[in-house]
Every structure is written in structure tokens, then in C-alpha cells.
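Down below is the structure, laid out as C-alpha cells.
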Amino acid sequence: MLNIGTSNRVAEREEIGYSLHMMKNIIKKTEQFIRKYDMIRKSDVVAAGVSGGADSVCLLFVLCGLREKLGFQIVVCHVNHCIRGKAAAADEEFVARLCRELDVPCRIFRENVELIARNRKQSLEEAGRDVRRAAFQEMCRTEGATKIATAHHRDDNAETVLLNIARGTGIKGLCGIRPVYGEWIRPLLSLSRQEIVEALRAENISWCTDATNEEDEYTRNRIRHNVLPVLCSQVNQGAAAHLDSLSRQAQEVWDYMDARTEEAWERCVSERENGLLIDGVCFEKEAPALKQFLIRRALSRTAGAERDIRSVHISAVEELFAKQPGRRLDLPFGVTASKVYEGVAMNRNSGKTEGERTRQEDDSVFINIPGETFFPATGQRISCRILENIKMDCVKEIPQKSYTKCFDYDIIKYGLSARTRRPGDYLVTGAGGERQKLKSWFINEKVPREQRDRILLIAEGSHILWIPGMRMSRAYQVGEKTERILEIKITEEKKDGRDDQSFDSGGRS
């Protein structure tokens with residue numbers, strides 16, 4: 001970590017003051033937005049995440065234009081992920097120089113995100129997010145920051161809503177990026193990307209460009225470059241604004257339903273050691289929408305986290321209420337939902353404490369169908385798509401490679417999980433449904449013992465659907481009666497080199 005001093009050079013301050021004056025429309029609009037959501041109060045210390053990109057540079061200038069009027073202080077947080085080499089170093093120097101010119105204290109954090117991701121078995125995006133959050137928290141502890149400002153704008157929010165819809169979401173995902181979430185604030189959320197860029201260009205204010213932002217290798221970039229522009233140019237030029245407005249309405253609905261969920265929780269849920277029980281009789285009496293909210297809360301409470309809990313997980317749990325006792329689902333964060341006589345029980349890690357968890361219990365990840373799922377234990381990404389009304393002749397034309405396979409989707413009843421092996425795992429190896437224990441199969445195939453615990457498995461409960469690169473279960477093979485095909489493709493995770501200073505790619509909601 002490096003502290004950069006401040007400067008009081010009068011000439012530079014006058015030049016910056018002129019630029020801020022010319023940005024008065026942007027500043028005025030942002031001030032109104034800040035006051036509407038009570039983001040910043042007098043005597044607050046605002047830690048602003050500044051990467052050097054256009055959005056964060058605009059954020060810094062706007063905050064500087066309001067600090068005296070609203071009576072708050074600014075400190076800048078810049079995180080160098082040490083991924084892009086000289087380019088990242090240049091961004092760091094640019095931010096440090098800009099802060100000197102604006103007379104703003106700046107703290108720079110240098111973290112080897114690649115190494116951190118590898119040690120924690122995370123994707124680069126996840127590791128970078130954790131590093132940025134830790135940096136901001138450090139600013140709160142040591143610099144007295146009371147608010148954390150990120151540079152998310154209206155188009156970011158529209159992209160987030162679209163991304164959530166595409167991946168499968170409920171009202172929670174429609175909420176997009178909230179203007180205020182605890183100490184986290186997004187002052188630029190009322191501005192479009194075009195407004196930001198035009199304001200900077202009008203004042204000849206420079207910024208840094210991250211080349212990875214122009215690539216289409218990442219899902220958000222594809223939405224940014226190919227989806228949202230088409231919606232705005234060929235469907236409705238106000239599409240981004242309308243999506244942003246939708247998210248605000250969804251936030252109001254969510255807050256209302258959250259209060260009703262608290263009431264339903266008292267009626268239907270009893271908490272147990274390491275888990276909880278949703279009473280089936282009480283649950284059936286609740287309104288359909290409230291059921292979804294109740295399950296989401298139960299999942300997040302059991303998991304101890306909300307991120308990565310999606311509508312597909314909620315629907316799977318709701319369907320479990322109609323199943324026979326004994327049915328089980330593997331869900332994100334090592335949560336298991338089980339159908340019992342009283343209703344549905346949720347537990348994490350088989351009742352073991354955090355220190356007693358085993359690797360095998362930790363690594364289970366619920367697979368999004370359709371969609372993408374990252375499996376951190378091996379660094380692989382699982383892509384699923386559903387093909388309907390496909391004739392058998394066409395199926396033969398679909399590439400069947402070691403890491404791309406097709407399955408009869410209608411045979412899958414309880415959802416799939418990505419994990420490593422567990423006791424009781426088996427696969428069907430014969431046309432007549434003959435089973436073989438996974439352990440025996442590994443032995444027969446002479447798979448080295450030291451590798452067996454690290455192999456990715458696609459499973460439905462204890463039934464192993466696929467050992468990628470090795471063997472499929474014959475029970476899920478596509479046949480003449482197949483109506484829907486599930487295609488699963490396994491790829492290595494592509495490294496994401498972005499040095500975004502935000503807390504996360506889409507913000508919390």
C-alpha cells in the first residue's frame with residue numbers, strides 16, 4: 001500500500017475549478033440525486049473508488065465540485081491488481097497525479113490478484129472484488145471514511161438488469177444497482193455513459209482506457225457492446241433509461257415484499273442448529289409470490305450469503321415441497337435442501353461447523369440450466385443450453401467432444417450440481433441400467449488415487465451424469481423419444497484482467 005501526498009498548487013486548482021464550473025450541469029444533476037437518496041451528509045468522509053477510467057474520473061470531479069457545498073471530505077482509493085503490467089502502473093500514476101492536482105488524499109493498494117485467486121481457488125473477478133472490498137474497508141478503518149462511492153452509472157444499471165434477466169432472476173435481480181446500500185453509494189447512477197464522456201471531452205479532461213473493456217470475451221462486455229446498443233438504436237432509444245426506471249420500481253416492490261416476508265417467516269419457519277425447517281402446511285397457505293421470497297430468505301440465511309442465489313435455485317426448492325420425503329437438492333454455498341415429512345429442511349455442510357467442513361461438502365455448486373456456472377474448485381466454467389424440437393439426424397451433427405456432451409434433459413428431475421466425489425456416488429454403465437460405484441469405476445480405469453478427489457463431476461444427487469473427459473452415464477443418453485436436449489460444455493475459466501475499482505461488477509442490490 002502506498003500513500004500519495006496532496007498538493008496546494010494554486011494554478012492547478014484554478015484550472016480544475018474552471019473545469020468543474022463547465023461541468024455544472026452534471027454536478028447539479030448529481031447533487032439532486034444525492035439529496036434525493038440522502039447519500040452524503042455534512043462531515044461525511046467519502047472514499048471514492050477511482051480506477052482512472054472515464055466513469056471514476058467523472059465521479060472524482062463531481063465530488064470535488066460538491067464537497068464544499070455539502071460539507072464533506074474526499075479520499076481516493078485506487079487498487080492496482082498487478083495484472084496488466086505497465087498499463088496498470090500507468091493508470092496508478094495517472095490517478096496519483098490527478099489527486100495531487102485536485103488536492104485529494106489518495107491511497108493506492110497493490111495486490112497480486114492472480115496469486116490471490118489461485119490460492120483461494122477463485123476466479124479473477126471474484127478475487128478482485130474481494131480485494132477491492134478489503135481496500136475500501138481499510139479506508140474506513142484508517143482514513144475515517146463513512147461512505148464508499150463507486151462510479152456506476154445508469155447504463156451499468158441497465159446492463160445489470162439485462163444480465164440478471166438473461167441468467168434467470170426474480171424481482172431481486174430486477175432491482176439492479178441500488179443508489180444506496182449501507183455505506184455504499186452510487187452518485188452517478190442518474191447519468192448515462194454518454195453524458196459522462198461528453199462532459200469530460202467538453203472540458204478536455206483525460207482518462208485511462210482499459211483495453212479489456214473493449215473485448216467481447218466477457219458476458220457483461222457482450223451486453224454492453226452488442227445488446228444494449230441494439231435495443232437503444234433499433235427498438236427504443238430510451239431503453240437504458242426505461243430499464244433503469246424498472247429497477248427503481250422493482251426496488252420499491254422488493255422492499256414492500258421484504259416486510260411481508262418477515263411476517264411469513266414468523267409463521268412458517270423454525271430455526272434449528274445449523275439449519276431451518278419450512279413448515280409445509282403453512283407454506284402452502286402463502287401467496288405464490290411470497291413463497292418465492294420466503295425460500296430466498298431461507299436460502300440466504302442458511303448459506304450466510306445472498307450472492308449467486310438465483311431464481312432457478314428458488315424454483316427447485318419450491319418444487320421439492322411436492323416430492324417424496326427423502327428427496328434432496330445440492331444448492332450454492334454447500335446448502336442442502338431435503339424433503340421431510342414436516343416440509344423442507346435446509347442445512348449447511350451436514351450440520352458441521354465452519355471448522356469441521358470437508359472439501360467434498362464445500363465444493364458443490366448448483367448448475368444454472370440454461371446459463372453458465374463457474375466451478376471454483378477446478379477453475380472450470382460449465383455452459384448449458386437447451387435444444388428443443390431437434391431431430392435425431394441433427395443431433396448427430398452436434399459436436400460430441402470430450403468436454404461437450406448432449407443429454408436427455410427430460411430425464412433430469414431434481415437439478416444438477418458440479419462437485420467432486422462423495423461416498424455413494426455411482427453411474428449407469430450398462431444398457432440395461434446396470435450401476436457401478438464411482439470408486440470402482442476409478443479403480444478399473446486406473447485413475448490415480450491422488451487425482452480422484454480433484455476431478456469435476458456433473459451429478460444429479462448421487463447419480464453421476466458425466467465425468468468430463470472420461471465417461472457419461474448411459475441413463476441420460478439421447479434417444480428416439482428425446483424431446484429436449486441438454487448440451488453441456490466444459491471450458492477453462494478465462495482470466496479477467498480488468499482493474500475496475502468498483503465493489504463488484506453490477507453492484508449490490
Side-chain angles (χ1 to χ4, degrees), residues 23-30 32-34 36-37 51 53-59 61-62 125 150-179 185-203 205-254 310-311 370-372 496 498 500-509:
M23 292 181 69
K24 61 181 180 180
N25 290 335
I26 291 289
I27 293 173
K28 182 178 180 180
K29 187 174 181 179
T30 304
Q32 293 172 345
F33 192 71
I34 288 172
K36 178 180 179 180
Y37 290 96
S51 65
D55 306 335
S56 62
V57 168
C58 180
L59 172 67
F61 272 84
V62 167
E125 186 179 11
T150 60
H152 293 95
H153 49 72
R154 189 185 68 192
D155 292 357
D156 286 328
N157 193 28
E159 292 166 10
T160 299
V161 172
L162 285 174
L163 185 59
N164 289 343
I165 291 172
R167 286 177 170 171
T169 189
I171 296 176
K172 180 72 169 179
L174 294 181
C175 292
I177 306 171
R178 284 185 178 266
I185 61 175
R186 281 71 181 236
L188 303 187
L189 213 51
S190 65
L191 304 176
S192 68
R193 168 73 176 182
Q194 182 177 351
E195 288 178 288
I196 290 171
V197 171
E198 287 180 353
L200 295 179
R201 285 175 176 166
E203 305 300 338
I205 299 173
S206 60
W207 64 86
C208 303
T209 300
D210 184 343
T212 61
N213 289 340
E214 303 305 317
E215 299 174 357
D216 278 350
E217 294 294 328
Y218 313 109
T219 304
R220 179 173 289 273
N221 282 5
R222 291 196 291 272
I223 291 176
R224 177 172 300 160
H225 300 151
N226 305 316
V227 179
L228 193 57
V230 171
L231 286 176
C232 293
S233 64
Q234 300 184 29
V235 179
N236 189 315
Q237 62 181 0
H242 296 328
L243 286 165
D244 180 71
S245 176
L246 172 64
S247 77
R248 301 286 167 261
Q249 295 177 50
Q251 288 166 16
E252 293 175 358
V253 172
W254 176 269
R310 298 175 180 167
S311 58
E372 292 188 346
D496 188 340
R498 296 180 62 185
D500 186 359
Q501 300 300 310
S502 64
F503 168 58
D504 61 33
S505 58
R508 284 191 172 190
S509 57

Fill in the blank from the handout: The side chain to side chain contact (heavy atoms under 4.5 Å, CB included) partner of V57 among I205, I196, V62 is I205
Would you confirm whether [X], through its side chain, and [Y], through its main-chain N or O, come within 3.5 Å as a donor-acceptor pair?
X	Y	value
N164	L174	no
R186	H153	no
S245	A241	no

Are the side chains of [X] and [Y] in touch, meaning some heavy atoms are under 4.5 Å apart?
X	Y	result
L188	T30	yes
S247	I177	no
E195	C58	no

Approximate separation, where rounding is to 0.5 Å, of [X] [atom1] and [Y] [atom2]:
X	Y	atom1	atom2	value
L191	F33	CG	CZ	8.5 Å
Q32	I27	CD	CD1	12.5 Å
E159	L243	CD	CG	10.5 Å
I223	L162	CD1	CG	6.0 Å
L228	L163	CG	CG	12.0 Å
D244	D156	CG	CG	10.5 Å

Can you name the closest pair of heavy atoms from [X] and [Y] and give their distance?
X	Y	result
V161	G176	CG2-CA, 4.1 Å
D155	A240	OD1-CB, 3.7 Å
Q251	P179	OE1-CD, 3.7 Å
M23	A199	CE-CB, 4.2 Å
A250	I171	O-CG2, 3.7 Å
G53	W207	C-CB, 3.9 Å

Completion exercise
Sorted by chain and number, sequence neighbours left out, salt bridge (charged side-chain N to carboxylate O under 4.0 Å, His left out) with E372 holds for R381
Problem - Steps toward side chain to side chain contact (heavy atoms under 4.5 Å, CB included) verdict (E198, I26) - result: CA-CA 10 Å; E198 287 180 353; I26 291 289; over 6 Å; no
Exercise for the section: Please test N157 against H152 for side chain to side chain contact (heavy atoms under 4.5 Å, CB included), starting from the C-alpha separation and ending with a verdict. Expected result: CA-CA 7 Å; N157 193 28; H152 293 95; over 6 Å; no
